[in-house]
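Proteins get letters first, then strands, A, B, ... in listed order; numbering begins at 1 in each.
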There are 2 protein chains.
Amino acid sequence: MGTKILLVEDDADLGMVLKQYLESSDFEVKWYTHPKALLDDADALKNNQLAILDVMLPEMDGFTLAKTIRQQHQIPFLFLTAKGQSIDRILGLKLGADDYITKPCEPEELLLRIHNILKRQLSATPNKTVNLGAYAFNPALYQLVFNDTIIQLTEKEAELLSLFLNHNHQIVNRKDILEKLWGKDDYFLGRSLDVFMTRLRKYFQHDTRISFDSIRGIGFKIEFPE
Amino acid sequence: MGTKILLVEDDADLGMVLKQYLESSDFEVKWYTHPKALLDDADALKNNQLAILDVMLPEMDGFTLAKTIRQQHQIPFLFLTAKGQSIDRILGLKLGADDYITKPCEPEELLLRIHNILKRQLSATPNKTVNLGAYAFNPALYQLVFNDTIIQLTEKEAELLSLFLNHNHQIVNRKDILEKLWGKDDYFLGRSLDVFMTRLRKYFQHDTRISFDSIRGIGFKIEFPE
DNA sequence: CTCATCGTTAACCTTTCATTAACCTAGTCT
DNA sequence: AGACTAGGTTAATGAAAGGTTAACGATGAG
């Protein structure tokens with residue numbers, strides 16, 4: 001499971017659709033219909049990486065929520081706004097939000113915005129590294145550190161590694177990887193992924209606790225030490 | 001907490017959003033809904049470094065306020081104007097605004113203007129230099145000093161260098177640079193940035209601790225010594 | 001009008017890196 | 001066993017990104 005997203009949307013149908021769509025894109029979604037329900041749930045706000053708020057929500061609560069999110073939890077948020085709404089209002093909101101998007105919206109566009117925000121977020125916290133046994137990985141810098149030497153990964157290598165980090169101790173489908181990194185929806189013939197697997201294995205060859213074993217016909221089993 | 005800003009904006013929502021946004025950008029904001037309230041508060045006008053005024057405000061008071069600010073407190077100010085309004089009219093008021101910005105506005109643009117104004121303000125009090133290894137940089141004068149010789153940078157060179165100084169030891173996205181210095185939101189084709197990179201590299205060639213390595217497809221990794 | 005400045009464009013060259021090709025090795029099926 | 005297929009590995013390839021230099025052209029000052 002991937003990044004956690006808070007969704008506040010009072011329309012039941014739209015909320016459900018968004019939740020499902022985002023989950024199918026490998027996000028973990030908590031959906032609330034009202035800001036109040038969310039504010040009452042103390043744990044809810046923790047450990048999320050993005051909030052999506054519907055501006056049509058009863059307004060004061062929406063504002064309070066936005067304020068809380070911005071001040072106390074410092075996660076980015078994105079507003080959903082209906083088309084007819086007052087321009088000043090929306091653009092005012094835009095000032096406080098990291099982005100906004102007008103309903104109805106293309107799912108692809110929503111995803112794009114989400115990824116942009118998360119990427120910005122990522123590059124704003126540059127020195128945060130993930131410990132991987134004898135290695136350390138800095139996702140923002142695409143750097144792998146081993147024995148005081150820095151290995152500069154390419155973009156695709158880093159993307160692939162990041163994906164694996166979100167699926168530690170799990171088996172990842174070959175197709176899922178291809179869809180995520182190559183966007184192929186049809187079946188994929190090339191061998192690029194295998195070449196990248198070789199490269200990653202070579203990078204991590206000095207720590208035997210790290211492995212990407214292939215499961216024939218399925219995908220790869222990911223193992224990083226805790 | 002950073003620089004103090006006076007905000008006069010009568011729309012409650014927009015005011016709140018602006019206040020929050022600016023506070024999140026590390027400014028200290030005093031927000032008044034009406035100029036009168038501000039004029040009545042004798043202490044309010046002291047110790048601020050910038051005022052942001054909504055031109056939609058009841059005109060006479062707004063005019064008086066601007067006059068007061070300019071004559072008695074000598075802090076710079078910035079007008080918010082709605083899109084339909086004539087810019088000429090505002091300029092015609094000869095209030096001596098340091099800048100104006102039309103609503104709706106991009107958050108980044110607002111911040112940029114604010115920083116520009118404060119920078120101009122700052123450059124009136126010069127000779128504050130930043131140490132860069134064997135070099136010294138004076139952002140206000142666009143000057144680089146090396147071995148007692150002064151290298152006069154152009155405006156864009158200095159802007160680019162300043163941007164990099166704010167991102168030491170980080171990877172800066174190519175797109176972010178282009179957006180910030182060239183304001184291109186669409187896809188950018190030109191090679192100006194690369195030319196400037198060459199120029200900066202040439203300036204700094206005598207201190208190997210300073211580097212701007214390119215990360216293909218991403219941007220540049222900035223390194224200055226501490 | 002002339003000259004200098006400076007951001008931009010043009011042209012050409014080098015480097016990078018995802019992909020492909022080619023050849024292996026190891027499972028799986030009959 | 002032999003045939004077939006998925007995956008491993010290595011090297012070659014080619015398109016695109018980036019580096020560099022020179023020339024261009026807008027702007028503004030004298």
Quiz item: Hey, which of these two, A/Val195 or B/Leu153, hits DNA chain C nearer its 5' end, going by closest nucleotide?
Solution: B/Leu153

Quiz item: Between residues 201-220 of chain A and DNA chain C, which residues have a heavy-atom gap below 4.0 Å?
Solution: A/Arg216

Quiz item: Nearest 0.5 Å, what's the NZ-CG distance between A/Lys175 and A/Leu178?
Solution: 9.5 Å

Quiz prompt | Polar side-chain atom of B/Asn173 near backbone of B/Asp176 as donor-acceptor pair, under 3.5 Å | solution = no

Quiz item: Between A/Phe212 and A/Phe224, is the ring centre distance below 6.0 Å?
Solution: yes

What are the atom names and distances for every N/O pair under 3.5 Å that joins the protein to nucleotides 27-30 of chain D?
none

Self-check item: OP1 or OP2 of C/dG7 under 4.0 Å from side-chain N/O of B/Thr154
Solution: yes

Quiz prompt | Nearest-0.5 Å distance that lies between atom CD1 in A/Ile177 and atom CG in A/Leu181 | solution = 8.0 Å

Quiz item: With sequence neighbours excluded, what pairs up with B/Arg209 under the side chain to side chain donor-acceptor pair (under 3.5 Å) test?
Solution: B/Asp207

For a quick test of your reading: what N or O donor-acceptor pairs under 3.5 Å do the side chains of residues 156-165 of chain A make, sequence neighbours left out?
unit_1   : atom_1 : unit_2   : atom_2 : d
A/Glu157 : OE1    : A/Thr154 : N      : 2.9
A/Glu157 : OE1    : A/Tyr203 : OH     : 3.2
A/Glu157 : OE2    : A/Tyr203 : OH     : 3.0
A/Ser162 : OG     : A/Ala158 : O      : 2.9

Quiz item: Does A/Arg174 put a side-chain nitrogen or oxygen below 4.0 Å from OP1 or OP2 of D/dA6?
Solution: no

Quiz item: Is a side-chain N or O of A/Trp31 found less than 3.5 angstrom from the main chain of A/Met16, in a donor-acceptor match?
Solution: no

Quiz prompt | Worked check of salt bridge (Lys or Arg N to Asp or Glu O under 4.0 Å) between A/Glu23 and A/Lys19 | solution = CA-CA 6 Å; A/Glu23 281 175 349; A/Lys19 180 168 150 72; 2.9 Å; yes

Quiz item: Between the two ends of the helix from C/dC1-D/dG30 to C/dT30-D/dA1, what is the bend in degrees, rounded to 10 degrees, where each end axis spans five pairs?
Solution: 30°

Quiz item: In whole angstroms, how far is the P atom of D/dA22 from the CZ atom of B/Phe196?
Solution: 17 Å

Exercise. Identify whether any heavy atom of A/Arg199 sits under 4.0 Å from a base atom; if not, whether one sits that close to sugar-phosphate; answer base, sugar-phosphate or nothing.
Key: base

Quiz item: In whole angstrom, what separates A/Tyr142's OH from C/dC17's C1'?
Solution: 14 Å

Quiz item: So which pairs with a foot in residues 134-143 of chain A pass salt bridge (Lys or Arg N to Asp or Glu O under 4.0 Å), sequence neighbours left out?
Solution: none

Quiz item: Just how far, in rounded Å, is P of D/dT9 from CG of A/Leu193?
Solution: 13 Å

Quiz item: Would A/Val145 and A/Thr129 satisfy side-chain contact (heavy atoms from CB on, under 4.5 Å), going step by step from the backbone distance to the final call?
Solution: CA-CA 9 Å; A/Val145 182; A/Thr129 60; over 6 Å; no

Quiz item: Quick one: is D/dT20 close enough that its OP1 or OP2 comes under 4.0 Å of any side-chain N or O from B/Thr198?
Solution: yes

Exercise. Can you tell me the distance, in whole Å, between the CG atom of A/Asp194 and the P atom of C/dC23?
Key: 18 Å

Quiz item: C/dT8 phosphate, OP1 or OP2: any side-chain N/O from B/Trp182 under 4.0 angstrom?
Solution: yes

Exercise. Figure out the CG/C1' separation between A/Leu200 and D/dG7, and round it to whole Å.
Key: 15 Å

Exercise. Could you walk me through whether A/Arg201 and A/Gln205 pass side-chain contact (heavy atoms from CB on, under 4.5 Å), step by step?
Key: CA-CA 6 Å; A/Arg201 287 187 185 115; A/Gln205 66 185 322; over 6 Å; no

Exercise. Find the distance between CG (B/Leu7) and CD1 (B/Ile52) and round it off to the nearest 0.5 Å.
Key: 6.0 Å

Practice problem: Look at the side chain of B/Arg191 and the base of D/dT21, then say whether one donor and one acceptor between them are separated by less than 3.5 Å. | Solution: no

Quiz item: For B/Glu157, which contact category applies under a 4.0 Å heavy-atom criterion: base, sugar-phosphate, or nothing?
Solution: nothing

